[in-house]
Every structure is written in structure tokens, then in C-alpha cells.
Amino acid sequence: MFDDQGHATELGYVVRVPVRWSDMDVFAHINHARMVTLLEEARIPWLFYDDKPTALMRKGCLVADLHVKYRGQIRHDESPISVTMFVERVRAVDFTVGYEVRPHGAAPDSPPAVVASTQLVSFDIDTQRPRRMTPEEKAYLTGFVRS
């Protein structure tokens, strides 16, 4: 579990994620594959902790689509990174998360160094099929939709 469990803001759910030395590439930037992992780690306290209405998704949630755009550099000494997450779309069995990643100390309204999106599908492991989200899950996610 993380020291920072995150918090809701008017911009979305914000989690500070520590950058490990092993997350760096040879040029001292965060490696692409590691950035995807850091985004995944940011989602954990927002969606999968016991006190969240979406905690059931720990048992089944698949990534259906992923996009990452780099608009700036983030280096190891700019840790922990600030990941702001919000919902772009909610449907019956899936939702799309938007991300804005900023280096430590950057203003919340400053241009993000990384923008990304992930389409997540609520999934029933036993039946191996997508499952409809509960009204509570959808309401929680809808609360983070950006206009």
C-alpha cells in the first residue's frame, strides 16, 4: 500500500507515486513501460481500496485500451510524481480514465508532462465475461467525470 492514499479535488483524484531508481532509462527519464506501471499504481488507492465503491473490481478489471503521450520530461529527482485521474466516459461494463502526470512540486494547473488514458473493463473472472457495473460503482466513477 502507498503512504499517499490520494484525495479528491475539483480536477480529479490525485495520488503522489514515488519513482524508483529502476524506473529510469539510460537518459535518466522515466522508462515508458515503467510509466504505465506508475499509472497503474496510482489507480490502486483510487479504485481498489476496501473503502471504495469500486473495490469489487480488484477481482476483475481488464485494460482494453491504453494511450500515453509525453509532453515533457520527468526525472528521478522529481519524485514523487503527482498523478491526477479523472473519468472521461462511463458505460455499462467499461470506463475510460484520463491521467495527467506532473513532477513533484508542480502546480496542479500547470501543463502535465504526461497525459494518458486507459479504458478499463469490469470483468467476471468466473464466467470470463465482462460484467455490468453496479449502480454504486457507476455513481462513484461518474463523480469524477470532467465536463
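Numbering of residues begins at 1 and proceeds along the displayed sequence.
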Going through the checks in order, is the side-chain contact (heavy atoms from CB on, under 4.5 Å) test met by Gln73 and Phe27? CA-CA 10 Å; Gln73 301 178 35; Phe27 301 110; over 6 Å; no
Kindly determine whether Ile30 and Ile81 satisfy side-chain contact (heavy atoms from CB on, under 4.5 Å), including the steps that lead there. CA-CA 11 Å; Ile30 296 177; Ile81 58 174; 4.3 Å; yes
Pairwise side-chain contact, His104 with Pro80, heavy-atom cut-off 4.5 Å (strictly under): yes
Sequence neighbours excluded - salt bridge (charged side-chain N to carboxylate O under 4.0 Å, His left out) pairs with any residue from residues 119-143: Arg131-Glu137
Between Tyr99 and Met35, does the side-chain contact (heavy atoms from CB on, under 4.5 Å) criterion hold? Intermediate values first, please. CA-CA 11 Å; Tyr99 306 85; Met35 178 55 72; over 6 Å; no
Do Tyr70 and His29 have side chains that get closer than 4.5 Å, going by heavy atoms? no
Would you say the side chain of Trp46 lies within less than 4.5 Å of the side chain of Val83, judging by non-hydrogen atoms? no
How far apart are the closest heavy atoms of Val15 and Gly6, and which atoms are they? CG2-CA, 3.8 Å
Hydrophobic cluster membership, Phe123 vs Val93, 4.5 Å side-chain cutoff: no
Do the side chains of Arg102 and Asp109 get close enough for a salt bridge, i.e. N-O under 4.0 angstrom? no
Any chance you could measure Asp25, atom CG, to His32, atom NE2, to the nearest 0.5 Å? 12.0 Å
If you define the side chain from C-beta out and look only at heavy atoms, does anything of Arg34 sit under 4.5 Å from Ser22? yes
Would you call the rings of Tyr13 and Phe144 parallel, tilted or perpendicular, where under 30° means parallel and over 60° means perpendicular? perpendicular
Taking it one step at a time, do Leu120 and Met57 satisfy side-chain contact (heavy atoms from CB on, under 4.5 Å)? CA-CA 10 Å; Leu120 299 171; Met57 289 187 196; over 6 Å; no
At their closest point, which heavy atom of Met24 faces which heavy atom of His76, and how far apart are they? SD-N, 3.4 Å
For the hydrophobic clusters of this structure (ILVMFWY residues joined by side-chain heavy atoms under 4.5 Å, transitively), does one cluster hold both Leu39 and Val114? yes
On a heavy-atom basis, which atom in Pro103 and which in Ile74 lie closest, and how many Å separate them? N-CD1, 4.3 Å
From the list Thr118, Val97, Val36, side-chain contact (heavy atoms from CB on, under 4.5 Å) partner of Val63 resolves to Thr118
For residues Gln128 and Ile125, report the shortest heavy-atom separation together with the two atoms involved. NE2-O, 2.7 Å
Counting only heavy atoms not in Arg71 (residues, nucleotides, ligands), do more than 12 fall under 6.0 Å from its CZ? no
On a heavy-atom basis, the closest approach of Ser79 and Val17 is OG-O, 4.3 Å
When clusters are formed by joining ILVMFWY residues with side-chain heavy atoms under 4.5 Å apart, either directly or through shared neighbours, do Val101 and Val19 land in the same one? yes
With rounding to the nearest 0.5 Å, note down the distance linking CG in Asp94 to CG in Leu141. 10.5 Å
Any side-chain heavy atom of Val115 sitting closer than 4.5 Å to one from Lys69? yes
In this structure, would Leu62 and Met85 fall into the same cluster of hydrophobic residues linked by side-chain contacts under 4.5 Å? no
Distance check, rounded to the nearest 0.5 Å: Thr134 atom OG1 versus Tyr140 atom OH? 12.5 Å
Just how far is it from atom CD of Glu88 to atom CD of Gln119, taken to the nearest 0.5 Å? 10.5 Å
4.5 Å side-chain heavy-atom contact, Val87 and Thr142: no
Write down the atom of Phe48, the atom of Thr54, and the distance for their closest heavy-atom approach. CD2-O, 4.2 Å
Donor-acceptor pair, side chain of Arg146 and main chain of Leu11, under 3.5 angstrom: yes
